[in-house]
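Predicted, not measured: the structure shown is a model, and the values here were computed from it.
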Amino acid sequence: MKCLNLMAPINSLGYGVAGLNILKSLSQKYNISLFTIGPASCSTQEEQELVSNAIKNSTLFAQEFADAPCLKVWHEFALAERIGKGPCFGFPFFELDQLDQRRINHLSSVDGIIVASHWAKEIIKAHVPIPPLVGVAPLGVDTTIFTHGPHTTTDKCVFLNCGKWEKRKGHDLLLEMFRSAFPDEQDVELWMMSHNTFLAPGTPFAKQGKEWERYYQSDLRVKLIGRVQTHKEVAAIMSQANCGVFPSRAEGWNLELLEMLSMGKPVIATNYSAHTEFCTKENSYLIDIENTELAKDDIFFDGSGGEWASLDGVPFDQGVEYLRSFYESWKKEPQQVNMEGIETAKKFSWTNTTNRIEEIIDGNRGQEN
């Protein structure tokens with residue numbers, strides 16, 4: 001079996017979820033030597049055994065690994081470090097439309113770049129003066145966990161948003177959209193699954209985390225859902241919702257949106273950034289983006305790194321319209337199934353992700369994509 005050095009986080013955050021699923025699938029093709037970025041955290045014994053065995057390979061580091069390629073699943077501003085003497089491929093998920101000099105330098109330091117969307121590929125090509133090999137490997141969804149029905153529903157129309165508290169996720173406007181769509185209705189709820197590790201108690205921005213919670217708790221129709229441990233628990237929560245709502249200004253991918261599509265849930269989403277890789281007018285209520293604005297939230301984005309979608313004006317009104325439109329259709333047909341979403345999700349398996357990774361690393365065919 002071929003050998004590969006993998007550098008990736010293994011945890012419940014975005015990069016960590018991608019890292020674990022890529023490890024699982026790549027292990028069918030490669031003998032993996034895993035160098036974890038940060039402490040590894042697994043939710044099942046099977047995952048723990050897989051990770052432990054891959055870490056043992058990195059500890060022994062036999063000669064075949066010294067000469068093997070390296071895949072680093074990590075931020076675009078931290079790709080300079082690599083493992084071994086083989087070619088190194090960076091796999092970052094970035095959200096903005098511009099790259100500063102630090103990012104350009106790190107992206108230029110690798111032998112190849114893998115991105116999750118064609119939107120991201122075009123940004124790389126536009127900003128890196130002499131870009132290395134650039135290939136697209138869309139991320140995946142586990143359709144054995146995030147599957148359609150039978151689902152538990154309530155006598156209320158439930159909209160669900162998944163994504164850590166951030167202005168980037170549209171959280172500054174989502175509650176206002178919801179209230180504009182439903183000023184008085186009591187048979188509708190907004191569920192927020194928005195725990196943000198970086199805003200948790202004990203962190204420098206814990207105050208901001210509490211402010212988000214207080215703001216959303218000001219409407220009794222909003223339900224805040226705490227952090228859960230496993231993907232099965234996430235799927236169980238999604239199964240109770242009627243529609244997903246993702247008014248995000250920018251995304252490197254958005255795992256939860258694809259997961260809801262896989263479960264056959266109707267979704268409302270911005271037609272921008274990585275969403276364009278899998279959201280279409282057939283499977284989503286698409287919020288059209290007319291303009292971009294400086295990406296600034298004074299926590300994660302300081303305004304110097306580029307722009308993201310503006311939700312002011314038409315996009316905001318369109319979001320309100322879609323919330324109301326779905327609610328009216330729900331009253332006529334509570335059990336709606338997004339068959340187009342299910343069919344779309346079938347095309348985005350983690351096996352397909354790693355097939356593309358293998359092609360790019362072994363065949364160097366990524367530039368044709």
Side-chain angles (χ1 to χ4, degrees), residues 1-94 102-103 105-116 120 124 132-135 137-140 142 197-198 231 252-253 255 350-351 353-364 366:
M1 185 179 285
K2 297 176 292 186
C3 292
L4 177 70
N5 296 302
L6 176 62
M7 302 177 70
I10 304 293
N11 54 47
S12 60
L13 302 179
Y15 270 100
V17 172
L20 177 60
N21 281 286
I22 289 171
L23 170 64
K24 286 181 180 179
S25 193
L26 278 178
S27 294
Q28 306 301 312
K29 299 172 174 290
Y30 294 90
N31 189 15
I32 303 289
S33 172
L34 175 63
F35 294 78
T36 60
I37 300 174
S41 175
C42 301
S43 58
T44 69
Q45 183 63 34
E46 181 181 10
E47 292 173 354
Q48 184 61 56
E49 290 178 1
L50 174 66
V51 169
S52 296
N53 288 334
I55 290 175
K56 285 180 182 178
N57 284 338
S58 71
T59 303
L60 294 171
F61 205 63
Q63 183 60 46
E64 54 264 34
F65 287 112
D67 297 325
C70 174
L71 173 65
K72 187 171 187 178
V73 184
W74 198 229
H75 298 284
E76 72 284 359
F77 53 75
L79 295 177
E81 294 176 313
R82 62 176 67 197
I83 301 299
K85 298 181 289 185
C88 181
F89 296 80
F91 197 167
F93 317 124
F94 54 88
R102 175 190 177 191
R103 287 166 169 79
N105 291 342
H106 277 263
L107 289 164
S108 300
S109 73
V110 295
D111 300 289
I113 302 169
I114 303 172
V115 290
I124 295 287
L133 170 74
V134 184
L139 299 186
D142 187 339
T197 299
F198 304 104
H231 290 143
W253 184 252
L255 291 166
W350 289 107
T351 298
T353 302
T354 51
N355 284 344
R356 283 295 300 135
I357 291 173
E358 182 182 30
E359 289 178 357
I360 296 165
I361 291 178
D362 293 356
N364 290 336

Indicate yes or no for a side-chain donor-acceptor contact from [X] to the backbone of [Y] under 3.5 Å, with no hydrogens or angles considered.
X: N11; Y: P39; value: no
X: T36; Y: P9; value: no
X: T354; Y: T351; value: yes
X: R356; Y: G135; value: no
X: S58; Y: I55; value: yes
X: H106; Y: L79; value: yes

Is the F65 ring parallel, tilted or perpendicular to the F61 ring (thresholds 30°, 60°)?
-> parallel
Is the closest side-chain heavy-atom distance between [X] and [Y] below 4.5 Å?
X: F89; Y: V110; answer: no
X: I357; Y: K29; answer: no
X: V17; Y: H231; answer: yes
X: K24; Y: E47; answer: yes
X: I114; Y: V73; answer: no
X: I37; Y: Y15; answer: no
X: D111; Y: P69; answer: no

Rounded to the nearest 0.5 Å, what's the gap from [atom1] on [X] to [atom2] on [Y]? Could you check?
X: I83; Y: K72; atom1: CD1; atom2: NZ; result: 8.0 Å
X: I361; Y: C88; atom1: CD1; atom2: SG; result: 9.0 Å
X: S27; Y: L50; atom1: OG; atom2: CG; result: 4.5 Å
X: Y30; Y: E358; atom1: OH; atom2: CD; result: 4.5 Å
X: L13; Y: T197; atom1: CG; atom2: OG1; result: 4.5 Å
X: L4; Y: E64; atom1: CG; atom2: CD; result: 13.0 Å

Atom of [X], atom of [Y] and distance for their closest heavy-atom approach:
X: G252; Y: A116; answer: O-CB, 4.1 Å
X: R102; Y: F77; answer: NH2-CD1, 3.2 Å
X: G14; Y: L255; answer: O-CD1, 4.1 Å
X: V115; Y: F94; answer: CG1-CE2, 4.2 Å
X: G19; Y: A8; answer: CA-CB, 4.1 Å
X: P138; Y: W253; answer: CB-CH2, 3.6 Å

Got a sec: does the [atom1] of [X] have more than 12 other heavy atoms crowding it under 6.0 Å?
X: K56; atom1: NZ; value: no
X: F198; atom1: CZ; value: no
X: E81; atom1: CD; value: no

Only one of N31, L34, L71 passes side chain to side chain contact (heavy atoms under 4.5 Å, CB included) with L26, and that residue is L71
Between D142 and N21: side-chain donor-acceptor atoms closer than 3.5 Å =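 No pair is found: no donor N or O on one side chain lies under 3.5 Å from an acceptor on the other.
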